[in-house]
There are 4 protein chains.
Amino acid sequence: MSVAATEPTAGAGRRRAARGSARQRIVAAATELFARRGYGATSVQEIVAAAEVTKGALYHWFGSKSELLTSIYRELLAEQTQRLREIADGDAPVEERLHAAALDVVEHTAEHLAELTVWAKSAHLLDDEHAEATRRERRRYHDLFCDLVREGQQSGVVRTDVSATVITHTFLSALGNTHTWFRPGGPLSFAEVGHQLVALFVGGLRAPAGPPYRT
Amino acid sequence: MSVAATEPTAGAGRRRAARGSARQRIVAAATELFARRGYGATSVQEIVAAAEVTKGALYHWFGSKSELLTSIYRELLAEQTQRLREIADGDAPVEERLHAAALDVVEHTAEHLAELTVWAKSAHLLDDEHAEATRRERRRYHDLFCDLVREGQQSGVVRTDVSATVITHTFLSALGNTHTWFRPGGPLSFAEVGHQLVALFVGGLRAPAGPPYRT
Amino acid sequence: MSVAATEPTAGAGRRRAARGSARQRIVAAATELFARRGYGATSVQEIVAAAEVTKGALYHWFGSKSELLTSIYRELLAEQTQRLREIADGDAPVEERLHAAALDVVEHTAEHLAELTVWAKSAHLLDDEHAEATRRERRRYHDLFCDLVREGQQSGVVRTDVSATVITHTFLSALGNTHTWFRPGGPLSFAEVGHQLVALFVGGLRAPAGPPYRT
Amino acid sequence: MSVAATEPTAGAGRRRAARGSARQRIVAAATELFARRGYGATSVQEIVAAAEVTKGALYHWFGSKSELLTSIYRELLAEQTQRLREIADGDAPVEERLHAAALDVVEHTAEHLAELTVWAKSAHLLDDEHAEATRRERRRYHDLFCDLVREGQQSGVVRTDVSATVITHTFLSALGNTHTWFRPGGPLSFAEVGHQLVALFVGGLRAPAGPPYRT
DNA sequence: AATGAATGAGCGTTCATTCAT
DNA sequence: TATGAATGAACGCTCATTCAT
């Protein structure tokens, strides 16, 4: 049942001549299909056809379709959490770490747009058991980012009239929704959009000198 | 085929003794179920059971399950667009109109959290025909907001180093995603969260005096 | 229930200003749709849409969809029977009357290919009550033709080693099946095909001089 | 997708204890029901009930109800084509081969009246894809027969004032329509009817010595 | 003479999952 | 470490027909 337990080790990988074990081909095919058509609209039949395995093989490696989706997301999330932790644990001033963290989210989002799209579209379809497991990990990531914001507030470089929670959700939401409107080939590259988002985010964080507008 | 054409008029409504025509009961039941369980996870059977009508009646009023979802969203969007237009067309200074528009989005979002949740979760499941129709209307709303931001940029009250498009998407995304994290009964009321979001948004808009952080 | 009883009389027809009463438009639309798509694949909804009447109007004039199909066919059959009776009752020699009857079937088939196609495709779908009624009339037509063949056999101009029944069915089947293979615009016109069919039919009727082939 | 590809091989058949695999039971049940009630009037539910399998099993073997109908017909047609080819390729005189071919059609029709009835009643209900596939095979059969007729015309034993195409269609139509009027237990056995049809057909083919009737 | 909202049974099809091999 | 036939429940949707007005 545990994802980690079913990961093929490097040793196991070497046993098979064909690069791309059945399990890997399943994950690759599912990621691609889930991203393109959505989790709900992709049948197990289509996944096994694309991965060139049989249904039995899929159910040998994954207990259910949900577990497959969960696996994809958890691998992604684990990587992203690791990167954030390294930034947060650095010893640069907090404003620099905040800026770096924001940039990193933008970059990681750009690199894994497909997988993240899957998740954004499909997370709510999961049954409670799988949903809970990923929610906990997602929460851990959120808290890591939120702590950084809070540290900025304590250092006086981030405004305190907006809660760290709201700040974190806002930035992460804005990033997580880019898939709904960003189109490659448009007037702005993703990198440019990313930098503007960071600028907007960071710009919005400074303590207001006074009421921003007459109210 | 046209949604508007099948709306019961006030006159037609009066003909029926029962308040709550079949059509209205269907819309109410569908909205509630779609919001709670998602569009894909709600069967037509469940909707008609909740609305206490037959399947035939549902398909008399709506050509398909998709059309029902589309109807719900379009009615909502039309109302929101109308409200925004009134604010944008006012003769207050642009910074006030921007602030008012942001507040209005927050308020409308709060009032219709359920319906908007439906849309956020399910829009991507629609077939092309229905998706296109609503995308056009959604786009009109977005443009209205974006024009206001652009007007602010021309007046010098909104920073110009971030494009109006990115600003608009960011704010609307942040608002449109609150359903994923906001839980009534938590430490902050939705009104408080809303005001913080507006502050963050408006605060992020001011032209930067200099580089916000050493980079 | 009786078709004759619901026929609009000439008098009734004159009462309406619009040429094309509701009933007539229904018959016309149904004939066209049944011929093109088949009876089973044509919904009552489509018929009323094409005829520009409401469902209620259709069910005012026709007790059911079956009755509508039956009506169309009976009108056609009555006309064809009448024509055959006139030929059969003539006082020309039997071989001439046979030839004329065959030609007439060909011509009538050509004129009403659409309606006859309807019948060929859909007769077997009717419920017993309607099927029985038309079968009786169809039988009367068949008998009329068969009697002519039998008369030819008694006069010695038609072979007697094949029963009149088989002869009649064969010719009528061949004609009734032309819709499956004849395509307007092909190498042969329907008139040419018709003449060849008559020649083949008539040629096959002569008493064989001896065994046609060594057996 | 391909019918042939899903045929259980002899080897596969032996693996299962029960004679009559699921696939075979489905085909048998469908043939019987389609023939008796027509394709359109037979539900998938009824087929699986008669075959004592589940719907899932049916859709495992056949992609759709249409494909099931198509399969039944194609197997039949393939067999009939094979038989005709053997007759046509023989080295008897052409008149004998024509006679034998006609007899063979009659016999095969008698043996498979049920299946052929299915096809006659239901072919026009198929979607384009399936219709096209069988039309091509049907066409091949027709051409085979037609070539034989044409060979007879070139040898001078078949009249040339009627095109081979018309001759072929006429005979095959007459045979293919026997299901509409032949009732077992009537005055004539099917064998007798068959011989009369062959006699009529063959008799109609001889070159006319002169005008058969005064015209 | 006609309306049109509503019925309700049934349709063909899909699908995640199981299990004997 | 697979295979693939089979399951069985649910799915979105259609349709001829009815009836109060």
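Chain naming here is simple, since letters A, B, ... match the order of the sequence lines and numbering starts at 1 in each. Keep in mind it's a predicted model, so treat the numbers as computed, not measured.
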**Student:** Can you sort out the partners of Glu46(C) under salt bridge (charged side-chain N to carboxylate O under 4.0 Å, His left out), two or more places apart, ordered by chain and number?
**Tutor:** Arg37(C)
**Student:** State which residues pass salt bridge (charged side-chain N to carboxylate O under 4.0 Å, His left out) with Glu32(B); sequence neighbours excluded, sorted by chain then number.
**Tutor:** Arg36(B)
**Student:** Please pick, from dC13(F), dT14(E), dA6(E), the nucleotide with the shortest atom-to-atom distance to any side-chain atom of Tyr59(D).
**Tutor:**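 From the listed options, dT14(E) comes nearest.
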**Student:** Which residues pass the side chain to side chain donor-acceptor pair (under 3.5 Å) test with Tyr39(D), not counting sequence neighbours?
**Tutor:**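 If we apply the side chain to side chain donor-acceptor pair (under 3.5 Å) test to Tyr39(D), skipping adjacent residues, the hits are Ser66(D).
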**Student:** Please pick, from dG4(F), dA16(E), dA2(E), the nucleotide with the shortest atom-to-atom distance to any side-chain atom of Thr54(A).
**Tutor:**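 Nearest listed nucleotide: dG4(F).
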**Student:** Check side chain to side chain donor-acceptor pair (under 3.5 Å) between Thr134(D) and all other residues, then give those that pass, not counting sequence neighbours.
**Tutor:**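 None.
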**Student:** I'd like to know if Lys55(C) reaches the base of dT17(F) with its side chain such that a donor and an acceptor end up less than 3.5 angstrom apart.
**Tutor:** yes
**Student:** Quick one: His60(A) NE2 to dA16(E) C1', roughly how many Å, whole number?
**Tutor:**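 Distance, rounded to whole Å: 18 Å.
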**Student:** Does dA2(E) have OP1 or OP2 under 4.0 Å away from a side-chain N or O of Trp61(C)?
**Tutor:**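 Yes, Trp61(C) has a side-chain N/O under 4.0 Å of OP1/OP2 on dA2(E).
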**Student:** Atom CG of Asp127(D) and atom C1' of dT13(E): how far apart are they, to the nearest Å?
**Tutor:** 14 Å
**Student:** Which residue pairs pass the ring-ring contact (aromatic ring centres under 6.0 Å, His included) test with at least one member in residues 40-59 of chain B, sequence neighbours excluded?
**Tutor:** none
**Student:** In whole angstrom, give the distance that lies between atom NZ of Lys65(C) and atom P of dT18(F).
**Tutor:**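 Distance, rounded to whole Å: 15 Å.
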**Student:** Figure out the CG/P separation between Leu58(B) and dG8(E), and round it to whole Å.
**Tutor:** 15 Å
**Student:** Within residues 36-53 of chain B, find the residues that approach DNA chain F with a heavy atom at under 4.0 Å, and present them sorted by residue number.
**Tutor:** Thr42(B), Ser43(B), Val44(B)
**Student:** Expressed in angstrom and rounded to an integer, what is the separation of Arg23(B) atom CZ from dG4(E) atom P?
**Tutor:** 16 Å
**Student:** Please give, in whole Å, the distance from dA2(E) C1' to Arg25(C) CZ?
**Tutor:** 12 Å
**Student:** In this structure, how many angstroms lie between the C1' atom of dG12(F) and the CG atom of Leu126(B), rounded?
**Tutor:**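 Distance check: Leu126(B) CG to dG12(F) C1' gives 15 Å.
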**Student:** Starting from Watson-Crick (N1-N3 plus N6-O4 or O6-N4) and G-U wobble pairs under 3.5 Å, report the runs of at least three that DNA chain F belongs to.
**Tutor:**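 Stem segments, range with range: E:2-21 with F:2-21.
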**Student:** Does Glu137(C) have any side chain to side chain donor-acceptor pair (under 3.5 Å) partners at least two apart in sequence or in another chain, and if so, which?
**Tutor:**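 Testing Glu137(C) for side chain to side chain donor-acceptor pair (under 3.5 Å), a comparison that skips the adjacent residues, returns Arg74(C).
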**Student:** Where the side chain of Ala22(B) is defined as all heavy atoms beyond and including C-beta, which of dA2(F), dA6(F), dA6(E) is the nearest nucleotide?
**Tutor:**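 Nearest listed nucleotide: dA6(E).
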**Student:** Distance check needed: dA16(F) C1' versus Glu67(C) CD, whole Å only.
**Tutor:**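 It is 14 Å, rounded to the nearest whole Å.
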**Student:** Checking Glu52(A) now: which residues fulfil side chain to side chain donor-acceptor pair (under 3.5 Å) with it, not counting sequence neighbours?
**Tutor:**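 So Glu52(A) forms no side chain to side chain donor-acceptor pair (under 3.5 Å) with any residue.
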